[in-house]
A.B. asks: 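Structure below; questions to follow.
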2 protein chains.
Amino acid sequence: MIKTDSGFDSIDFEVTDMSGDWLPDWLSRRASGMPNQIAVKGKTESLTFADLYRQAEEIAKRLASLGIQAGDKVAWLMRNSVQTAVWIHALSRLGVVQVPLNIRLTASEIVWQLTDVEAKLLVFDDIHTEKAAEIGELLPSLTQLNRNSIGELPFGNAVLRDRIRLSDTYCIIYTSGTTGRPKGAMLTYGNHWWNAIGSSLNLGLEKTDRWLACVPFFHVSGLSILMRSVIYGMPVIVHESFDPATVNRSIEEDGVTIISVVSHMLFRMLEEQGDRPYPDTLRCVLLGGGPAPLPLLEDCERRNIPVVQTYGMTETGSQIVTLSPEDAIRKLGSAGKPLLPAELRIELDGQILPAGEVGEIAVRGPSVTIGYYNRPETTKEALRDGWLHTGDLGYLDEEGYLYVLDRRKDLIISGGENVYPAEVESVLLAHDAIKEAGVTGIPDEKWGQVPVAAVKLTENQTVTEAELIEFCRKQLASYKVPKRIQFVDQLPRNASDKLLRRLLADLFREEAGAR
Amino acid sequence: MIKTDSGFDSIDFEVTDMSGDWLPDWLSRRASGMPNQIAVKGKTESLTFADLYRQAEEIAKRLASLGIQAGDKVAWLMRNSVQTAVWIHALSRLGVVQVPLNIRLTASEIVWQLTDVEAKLLVFDDIHTEKAAEIGELLPSLTQLNRNSIGELPFGNAVLRDRIRLSDTYCIIYTSGTTGRPKGAMLTYGNHWWNAIGSSLNLGLEKTDRWLACVPFFHVSGLSILMRSVIYGMPVIVHESFDPATVNRSIEEDGVTIISVVSHMLFRMLEEQGDRPYPDTLRCVLLGGGPAPLPLLEDCERRNIPVVQTYGMTETGSQIVTLSPEDAIRKLGSAGKPLLPAELRIELDGQILPAGEVGEIAVRGPSVTIGYYNRPETTKEALRDGWLHTGDLGYLDEEGYLYVLDRRKDLIISGGENVYPAEVESVLLAHDAIKEAGVTGIPDEKWGQVPVAAVKLTENQTVTEAELIEFCRKQLASYKVPKRIQFVDQLPRNASDKLLRRLLADLFREEAGAR
């Protein structure tokens, strides 16, 4: 039996190769094919693909000395930076399953995820030393590593991957749901590959492309940019966080051709940009996070900014349905059509609905998650016959364009972050003074939406709005904390006593009108 | 169990979808997503993707009335044209396995292939009426259809594919080998898909791309352009045949950005173009058919023509190794590096050789053929552990660039067509006067190479060169017929009596020198 260059037994390949399940490692290939091309560019640091490859390899080898092996879960708590990109590629090279953590979560929210995912290691950057310490207090058994001390570790016995198996899990990203705790969506190498290919077949792939990442790498929107970088051989311009002026300057100075944003970011960019035009090199503004408001789209049309609206979620490896700039105004409010490798349909009670009828949005294709980690029942419920049931409501028009009516499970999208009412309600209900709680989103100029709550007090108990907000702040990431809390005698419920969250918003509209 | 929109049972999908084996039908998707985009443009006729879809669908439905079903082999004998493109997509839509026939072959060569592939139908265009009649005489049992009479057929009971299974066979293309008859290389939908994706990740994918096809659709080089058209949503500019002046004019007038050629075509184009510059819109000249001569590359560099040299074959779905324009002169004579999804190595006696050492070129990846039709033994010999053993000799330099020293099995490439010495020799040997025959290629200014032969006469027999050439012409496509035939007392052989074909060329060099 011939041993291949990657050291695997070759028998395995005969079958799997034909289905296209194995590919050469993307980063290795780019490092060999275009060593001097910029891979990641930050504020002060730039790495070529050869640099990125070498640095990632060194980290992978040193990490191996901790006994970390392919298949282990390694969680990370890091802000966007060039070094964060290196670490993400290092973990992939070692074959571990990475678990990106939302840095805005509280220590207890993170501990819950670390426990659920059975993490073997938590890596954090300097900025998160304090939060890591809090996590350490709550979960002392978990090994932690400040990434700055990686150089102190010796080289371990690492078997680094030269090939990628598309069906292997690349990462687990936690997303919340209607009820209960967040669940870990597993995304394979194949999910990322097909997402990148679907995107390139839609947006094109130009030699001059440079993608600006000011969305976090711990979200699928940011992570997928890093995947495209090594698959396309394309530079990523990394921003530590979103600042409108810095982003606008970067678009000009770094020759950015594509940028991923959500509405509130684009709104603030345009505001900061004022009358100055954007350079012609900016060929695509990929706009996620729900349908964009008309004035924003009109402003972009006037300024000749090519906005590609998208619909997607963690479970689809980012964008899966997109609306081209040509259709932006004609199909206002639409999310567009599925990417080439994806399929889309509207279902109700197991039936496929015709155009114009409202039902649950279902998507299928090779970029769709293989399921939720350790949640066979939830997976079975969400993925039926290959179709992911998103929980979002919508319809297709006669031309097959998707209109999303309501995000799943009363989802609130605030500044690009998902807030699930059920999660916030469960925190409120844990307060002694609260008998019932309802949370919903109301429009907000800056964040798109913000969460607000209505509560019914337990008899003979009192609490102030400020006290409740402070109570939430201790247990929830700040973007999840209700901005306003109203005290009511009765929450709106239907005949079956089901909470009608959408009616809650009226309470706040009336309030605003009364002012 | 939910029935899906394509009518298949859904159970099957749950497993296969995750491996990315199923995709939406490419043409259907492009027709729905960009109905008004030009798909195929010929001299007088242009079709949008919506036109192409409708016309292909109609043909598929009418063909079904002949009892043609998914999986049947349908051979076609057609020159490049817009309608040929429609037919190719129609056959795919019906799910049949198509067998493109080289129109330069003789009727008896074609009959051999039709019989070997167990064809159920032969479709031909008006130009090939006469050859089809000859074929009909030799193979009266095979149903034939002049494509112009398709409109006379009623609609049949066709189940048209809405989805593509990547592991299904798309076509069977015959290629010759060292010994014996040609064999049918099976290419799947997946082979074509991955080839198109590998090409786009290498060459990029621009909104303005238009690919000129003056190489025949019955070769993988031309067919793969049609595949890219529906996968990328890109117009193809179809030329019926290669004419330097027409191609040069088309590059200018049709906004061609990419063209596939072999050296002798490019040479004639440059000659015809004279001092006029090519437009900047021409961003890639994809040059196949063996290493390009230095003067040609230098001329292209002077004219600022971006030449991407390629190495590939029918079995790899066209290009699999390419050399970028930046490396054209620095790595003169190299075929370059493998496309992203492909792997490359040099083998000798089952061992992988290090850089600098000469051995057999082996390639692996999802664009590599699944094997030869009805040839399990040949397939097993060629495909080992997923690696295709090309029979070509070469080496890798220290940077991993491939140098092809000798095409497989003494292959002669004449004007982009493969000529296998063994095939020509077997025809010569069938002549009563010939006892031994050896065929090789010699350099030719126009065609790159042309075949020549050396023969040893049977005792007491005589024949003239002209008579032998005429004898070959009756049985071989004209590009295979030896241009010169020498009579010798002894053919060059090694100690094991093996014919040393390369030494044959010396006979003709000496002859040329003596003139």
Side-chain angles (χ1 to χ4, degrees), chain A residues 1-5 10-24 26 29-30 32-33 163 166-167 188 190 193-194 197 200-207 209 231-233 283 337-338 340-343 345 347 350-352 364-368 370 383-387 399-400, chain B residues 1-5 10-11 13-24 26 29-30 32-33 163 166-167 188 190 193-194 197 200-207 209 231-233 283 324 337-338 340-343 345 347 350-352 364-368 370 383-387 399-400:
Chain A
M1 191 194 309
I2 296 172
K3 283 281 177 178
T4 69
D5 46 1
S10 50
I11 282 304
D12 218 6
F13 298 155
E14 194 155 17
V15 177
T16 53
D17 265 355
M18 297 193 178
S19 70
D21 196 32
W22 286 92
L23 285 182
W26 307 324
R29 192 49 78 83
R30 288 307 180 186
S32 130
R163 306 180 83 210
L166 294 180
S167 54
T188 63
W193 168 268
W194 285 94
I197 296 304
S200 74
L201 291 174
N202 184 42
L203 302 179
L205 187 55
E206 306 198 354
K207 293 270 171 195
D209 274 343
I231 292 171
Y232 303 165
R283 70 179 187 84
K337 293 199 168 194
L340 186 64
E343 292 171 279
R345 70 185 190 196
E347 286 187 21
Q351 299 295 311
I352 302 160
R364 180 165 71 174
S367 75
V368 170
I370 52 166
L383 281 168
R384 300 195 293 274
D385 309 321
W387 289 93
E399 293 181 86
Chain B
M1 191 193 309
I2 296 173
K3 283 280 176 178
T4 69
D5 45 359
S10 52
I11 281 302
F13 297 154
E14 193 154 18
V15 177
T16 53
D17 264 356
M18 296 192 180
S19 71
D21 196 32
W22 286 92
L23 286 183
W26 307 324
R29 193 49 79 84
R30 289 308 181 184
S32 128
R163 306 179 83 209
L166 294 179
S167 55
T188 62
W193 168 267
W194 285 94
I197 296 304
S200 74
L201 291 175
N202 184 43
L203 303 179
L205 187 56
E206 305 196 355
K207 293 269 170 195
D209 274 343
I231 293 171
Y232 301 165
R283 69 178 188 85
S324 64
K337 293 200 169 193
L340 186 65
E343 291 172 280
R345 70 186 189 194
E347 284 188 22
Q351 299 295 311
I352 301 160
R364 181 165 70 174
S367 74
V368 169
I370 52 166
L383 280 169
R384 300 195 295 274
D385 310 321
W387 288 93
E399 292 180 88

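Chain letters run A, B, ... following the sequence lines, proteins first and then strands; every chain starts at 1.
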A.B. asks: Is A:Glu343 salt-bridged to B:Arg163, going by a charged N under 4.0 Å from an acidic O?
C.D. replies: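 So A:Glu343 pairs with B:Arg163 through a salt bridge.
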A.B. asks: Quick check: does any side chain N or O of B:Asp21 sit under 3.5 Å from a backbone N or O of B:Ser167, one acting as donor and the other as acceptor?
C.D. replies: yes
A.B. asks: Can you tell me which portion of B:Asp209 sits under 4.5 Å from chain A's heavy atoms? Options are side chain, backbone, both or neither.
C.D. replies: neither
A.B. asks: Please classify the contact of A:Ile197 with chain B as side chain, backbone, both or neither, using a heavy-atom distance under 4.5 Å.
C.D. replies: side chain
A.B. asks: Does this structure show an ion pair linking A:Arg345 with A:Glu347, if we count only N-O contacts that are shorter than 4.0 Å?
C.D. replies: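 Yes.
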A.B. asks: Which bit of B:Ile231 is near chain A, if near means a heavy-atom gap under 4.5 Å: side chain, backbone, both or neither?
C.D. replies: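 Contact with chain A is through both the backbone and side chain of B:Ile231.
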A.B. asks: Using a cut-off of under 4.5 Å on heavy-atom pairs, state which of B:Gly33, B:Gly400, B:Ser32 scores highest against chain A.
C.D. replies: B:Ser32
A.B. asks: Is the centre of the B:Trp193 ring less than 6.0 Å from the centre of the A:Trp194 ring?
C.D. replies: yes
A.B. asks: Does any heavy atom of chain A fall under 4.5 Å from the side chain of B:Arg283, the backbone, both, or neither of them?
C.D. replies: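 Neither part.
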A.B. asks: Would you call A:Lys207 and B:Leu203 a side-chain contact if the rule is heavy atoms closer than 4.5 Å?
C.D. replies: no
